[in-house]
Amino acid sequence: MLFLLFLLLCTAGFSQVGAPQKKLDSLLNLNQKNLKSDSTKIKILTEVYRQYMRMKNVEKAEEYIDKTIRLSHEKNLKKFSAIAYYRRGLMYHGRSEYQKAEENYQNAVNEYASVGNLDMVAGTYLNLGALYGSIPDYVKSLEVNQKAIAIYEKMGNEVDMASCYTNISTIYQRLGNQSQALVYMNMALKIFTKDGENSRGAAVVYGLIGSNYFEASDRELVEMNVMPSQKIKLALTYYNKSLKVSESIGDLGLIATVKRDLGDLYSSTGQKDVALKSYQKSVELNKSGEDKEAYAASLYALGNFYQKENDLENAITLLNSSLKIAEDNKLLDIEKQSALGLSAVYEKLKDYNKSLAYYRQYIAVRDKIFDEEKEKEITRRQLQLDFGIKERDYLLKQKLTEGELKRQQQELELKRQQLVLSDKEKALDLLTFQKAKADLDIQRLAQDNKFAKARFEAQLASGVKDKQISKQVQQIKFDSRIKLFLTIATILILIIALVIFYNQRKTKRLNIIINNQKRELEQLSKVKDRIFSVVSHDMRTPVNSLISFMQLLEGGNIEQEKLKRYAVSLKNNLTYTSTMMENLLNWAASQMQGFNPYLQSLDICELINEVILSLQHHANEKSLAIENLVPAKTFCKVDSNMFMLVIRNIVSNAIKFTPNGGVITIGAIPTENTLEIKISDTGIGLKSAQIEHFNQHGYSGVGMSTLGTNKEKGTGLGLLLSRTFISLMDGEISAGINLTGGSYFKITLKK
């Protein structure tokens, strides 16, 4: 049975399995099976009455609570009877049945005291303090709160002690002593915020302080050392603090309350849009909650706002809803306010019959409240006097000075005088009400006569108005046609303007493209002219030399030594011409569409070695050293033919312009995504103007060939071709001067 009970409790605690009735049936079945009168039986009975409480079946809950208490007493297990009394007190407290709630709370105090559970004794006193404050019986409320504080001080429980301070502060608020209420609020707040602001207690106290400032009179504000002009700012500050904490802990009831208070504040300062949103949010949050009084209060607040803003349709809906909830739940204050609000709405609608009916309901509820208040007035006055005495005793225990006690006695005397004045004000209110009632009856009769007269005049004016309406309808139709025509014309004009604007932009873009193409064609024309100049000049000489050499051979009378010298000269000329032709053809091919490189990852070191091998005999003629410092297995994405042609042209230029005995160095520096190849020489070096021209975007060096250190000729196409091929391989090339002399070319390619 213990195992079954444990399993049931775990299921109830951590998941919601099935409907409440199914759970109750399971508990009742378990209770029937357990025939032993022991602690397990008591636990089962406890779960049964708790389930009946959840299902709001008060009669059955009472039955099983009594069974639990009887069995607990039989077995001398008072901890179960104590919690049963406590929970029954909470049940009746929530139903506003204060006498039954008080009786059960007192029994719970006795039971908890008998088992030495001081924490729950103080907690029950705390609930009694809230109960007495609702009756109201301020003397008893102060008394039980003092008892709770004494226990909490002994236990070192500051948090619950702060709750007692909060209860005492609300007593001062209801007695109209806002300054003293603020003292206790600050005492409670200091404890609640000791370990941070994110607690429900801090949120509640922040809201109370905000209301304290908002509702305080100018005299009370001065007593709190606050200027009346600071009232709204301080109230808004504390309301926002309460809202922030409430949202952080997810307490929807507190959020709804603060939103309603903020709505009242914003409405009082003329911020209508913000006030409306606050009221609507309060209604939305309270709608899903179980606190009917809070929901009715939110509906009334929003309805009253709509009534003030003359949104009468919404005002009627909300005020009717508020009135119905108040009537069903006997919430007299809200019923009175809702009835008065509906009376004001129908008066604005000139429906005086309904306005008067709701005003009568307002008077009836007010009379009922007034009668109840009148019956309690003598008791309340005595309670206030007794509270003053209890308060004095309490403050004496807190070691207050004689001067402070004297001041509080003066305040008590002032309260007595205010009570006398309050009696006179209530009598005056009653007379005012009776006069208003008579005025309303007279006004209703006069209004009926006005309605009859207005109805007759309306019938007479109906014919004239019908003709006027007919003319107005025709004029409206004509105006509509004119508006339609103007709208269509405007749209057409806009479309035409957009078409013209689009065409202008298109023409502008085409002009830019044409100008760019024109510049490119002019550049190509210049290059073509230079190429023709090179071809016409440089190719004629070797061809003429070849013809002259052939004529000498035909004559046969040339010496062997001259023949050898002529052959060497002719070989150099033909080599130069061959190189020029190769560069010329490659460059021409690069300018044709469809000439694209075939990029692949290749070993740069091997390609450079091949180029060096092909040029070694030229280097040997000038005793030049060509050093390949590129590490083996250095890969880069290149077109092998293009790359080797670029390296060959640059190295050939280096050989051409490096004196005998010089050094040409080829190195590589890898980065994360690129490879930088640097070709340096110890030659005569390029001039600054040449380097600047080469590094420009529009470089075209055709025909600018100069003689080398040994009078070697150049083609004038090598650097232009190198720049073109590097660009096709998605790379970059630049030139510069070495600090130690000579020039260098730097090529950057992607890996």
Side-chain angles (χ1 to χ4, degrees), residues 1-10 12-13 24 27-28 30-95 97-132 140-141 143-157 159-161 163-164 167:
M1 294 300 292
L2 283 171
F3 173 76
L4 289 173
L5 177 64
F6 176 75
L7 182 62
L8 179 64
L9 291 176
C10 288
L24 177 62
L27 286 167
L28 292 173
L30 188 61
N31 183 46
Q32 289 178 353
K33 290 180 179 179
N34 187 11
L35 302 178
K36 293 182 180 180
S37 297
D38 54 10
S39 61
T40 302
K41 182 75 170 180
I42 297 173
K43 291 177 182 177
I44 295 172
L45 291 172
T46 299
E47 288 301 315
V48 172
Y49 77 67
R50 290 190 68 189
Q51 186 62 21
Y52 275 123
M53 283 182 174
R54 295 187 190 104
M55 297 172 66
K56 303 188 185 307
N57 190 334
V58 177
E59 184 178 350
K60 282 292 185 180
E62 277 275 19
E63 177 185 342
Y64 280 91
I65 288 172
D66 288 338
K67 289 180 180 180
T68 304
I69 293 172
R70 281 197 301 271
L71 186 56
S72 299
H73 286 168
E74 288 175 10
K75 299 300 177 182
N76 198 26
L77 296 171
K78 291 190 176 182
K79 64 178 182 179
F80 293 107
S81 57
I83 196 169
Y85 280 125
Y86 178 77
R87 285 172 175 160
R88 183 156 60 183
L90 284 175
M91 179 178 71
Y92 283 121
H93 193 168
R95 294 169 57 84
E97 297 184 33
Y98 298 127
Q99 186 174 354
K100 291 182 179 180
E102 179 188 18
E103 180 183 345
N104 280 278
Y105 280 148
Q106 292 290 1
N107 288 332
V109 168
N110 295 331
E111 298 283 286
Y112 279 128
S114 67
V115 296
N117 191 343
L118 294 180
D119 185 52
M120 284 304 299
V121 170
T124 310
Y125 279 140
L126 190 62
N127 284 357
L128 275 169
L131 183 147
Y132 290 134
K140 286 185 178 179
S141 180
E143 182 179 347
V144 292
N145 275 294
Q146 287 174 358
K147 289 180 179 180
I149 289 172
I151 295 173
Y152 287 137
E153 282 181 335
K154 184 177 180 181
M155 297 176 63
N157 187 346
V159 174
D160 287 327
M161 190 162 56
S163 298
C164 295
N167 286 347

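Any value given below was found using the heavy atoms of this structure, including those in side chains, with hydrogens, waters and symmetry copies removed. Just so it is clear, the structure is predicted and the values come from calculations on it, not from any experiment.
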Please lay out, stage by stage, how N31 and K41 fare under the test side chain to side chain contact (heavy atoms under 4.5 Å, CB included). CA-CA 7 Å; N31 183 46; K41 182 75 170 180; 2.7 Å; yes
Shortest non-hydrogen contact from [X] to [Y]?
{"X": "A101", "Y": "G89", "value": "CB-O, 3.5 Å"}
{"X": "D119", "Y": "N157", "value": "OD1-ND2, 3.5 Å"}
{"X": "Y152", "Y": "M161", "value": "CD1-N, 3.7 Å"}
{"X": "L27", "Y": "I44", "value": "O-CG2, 4.0 Å"}
{"X": "S72", "Y": "F80", "value": "OG-CB, 3.3 Å"}
{"X": "L126", "Y": "C164", "value": "CD1-SG, 3.4 Å"}

Student check: side-chain heavy atoms of [X] and [Y] closer than 4.5 Å:
{"X": "M91", "Y": "R88", "answer": "yes"}
{"X": "Y125", "Y": "D160", "answer": "no"}
{"X": "V58", "Y": "Y92", "answer": "yes"}
{"X": "K140", "Y": "L128", "answer": "no"}
{"X": "E143", "Y": "Y132", "answer": "no"}
{"X": "M120", "Y": "I83", "answer": "no"}
{"X": "E103", "Y": "Q106", "answer": "no"}

Roughly how far apart are [X] [atom1] and [Y] [atom2], rounded to 0.5 Å?
{"X": "L90", "Y": "N104", "atom1": "CG", "atom2": "CG", "answer": "9.5 Å"}
{"X": "N167", "Y": "L131", "atom1": "CG", "atom2": "CG", "answer": "11.0 Å"}
{"X": "E62", "Y": "M53", "atom1": "CD", "atom2": "CE", "answer": "8.0 Å"}
{"X": "N57", "Y": "Y64", "atom1": "CG", "atom2": "OH", "answer": "10.5 Å"}
{"X": "I69", "Y": "L77", "atom1": "CD1", "atom2": "CG", "answer": "13.5 Å"}
{"X": "N107", "Y": "E102", "atom1": "CG", "atom2": "CD", "answer": "10.5 Å"}

Donor-acceptor contact below 3.5 Å, side chain K75 vs main chain S39: no
Checking N34 side chain against L30 main chain: does a donor-acceptor pair fall under 3.5 Å? no
Given the rule in the side chain to side chain contact (heavy atoms under 4.5 Å, CB included) test, do L24 and R54 qualify, once you have shown the distances and angles that lead to the verdict? CA-CA 10 Å; L24 177 62; R54 295 187 190 104; over 6 Å; no
Is a salt bridge present between E63 and K60, judged by a nitrogen-to-oxygen distance below 4.0 Å? yes
Considering residues, nucleotides and ligands other than K79, do more than 12 of their heavy atoms fall under 6.0 Å from its NZ? no
Which of parallel (below 30°), tilted (30 to 60°) and perpendicular (above 60°) describes Y98 and H93? perpendicular
On the 0 to 90° scale, with breaks at 30° and 60°, tag the H73-Y85 ring pair as parallel, tilted or perpendicular. tilted
Verdict with reasoning, I151 to K147, per side chain to side chain contact (heavy atoms under 4.5 Å, CB included): CA-CA 6 Å; I151 295 173; K147 289 180 179 180; 5.5 Å; no
Please tell me whether Y86 and N127 have a donor and an acceptor in their side chains that are separated by less than 3.5 angstrom. yes
Verdict with supporting geometry, V109 and Y105, side chain to side chain contact (heavy atoms under 4.5 Å, CB included): CA-CA 6 Å; V109 168; Y105 280 148; 5.6 Å; no
